[in-house]
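Numbers here are sequence positions counted from 1.
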Amino acid sequence: FGGHSWMVVANKFTKLQTEKGTYFCDYITPGVESPSRFGDIPYKTWPTRDQLLVMFREGARNHGLYDYTRFNVAVEKVKALPGKHRYGLATVPVDEPDDAGALVVGSS
């Protein structure tokens with residue numbers, strides 16, 4: 001978790017250009033204060049790339065996203081399915097392009 005921009009484009013000296021108070025996973029959750037650390041890593045006012053990656057991954061872990069996420073796959077097709085917010089996704093592993101891939105049903 002962290003996205004291409006933070007994992008690949010940014011370097012260890014890159015910092016967030018806005019204050020951390022509005023840049024954390026539970027920002028929109030009422031009553032949740034801006035974190036000061038994630039585990040033993042401090043979360044500073046202008047967090048670095050590495051601090052942000054820890055925050056993204058800890059937030060994903062806290063919300064159970066690892067159980068619902070498929071890494072290292074390319075999404076080749078998305079089709080809206082009947083009903084609200086349901087989708088079919090055709091995926092192929094990026095490290096095994098000859099693999100037949102999978103059809104996944106998801107929702108938002």
Using the salt bridge (charged side-chain N to carboxylate O under 4.0 Å, His left out) criterion, which residues pair with Arg57? Sequence neighbours excluded. none
Would Val9 and Trp46 show up in the same hydrophobic cluster when neighbours are defined by side-chain heavy atoms closer than 4.5 Å? no
Which atom of [X] lies closest to which atom of [Y], heavy atoms considered:
X     : Y     : answer
Trp6  : Gly2  : CB-O, 3.4 Å
Ala80 : Tyr87 : CA-CD2, 4.0 Å
Asn72 : Asp95 : O-OD1, 4.3 Å
Val94 : Val73 : CG1-C, 3.8 Å
Cys25 : Gly59 : SG-CA, 4.0 Å
Leu52 : Pro47 : CD2-CG, 3.8 Å

Rounded to the nearest 0.5 Å, how far apart are [atom1] of [X] and [atom2] of [Y]?
X     : Y     : atom1 : atom2 : value
Met7  : Leu53 : CE    : CG    : 7.5 Å
Thr91 : Glu76 : OG1   : CD    : 8.5 Å
Lys15 : Thr45 : NZ    : OG1   : 9.5 Å
Met55 : Arg37 : CE    : CZ    : 15.5 Å

With Phe38, which residues qualify under ring pair (Phe, Tyr, Trp, His ring centres under 6.0 Å), at least two apart? Tyr43
For Phe71, all residues meeting ring pair (Phe, Tyr, Trp, His ring centres under 6.0 Å), sequence neighbours excluded: Phe1
Can you name the side chain to side chain contact (heavy atoms under 4.5 Å, CB included) partners of [X], sequence neighbours left out?
X     : answer
Asn62 : Glu58
Thr29 : Asp26, Val32
Asn11 : Phe13, Thr14

Is Gln51 reaching over with its side chain to a backbone N or O of Ile41, donor-acceptor style, under 3.5 angstrom? no
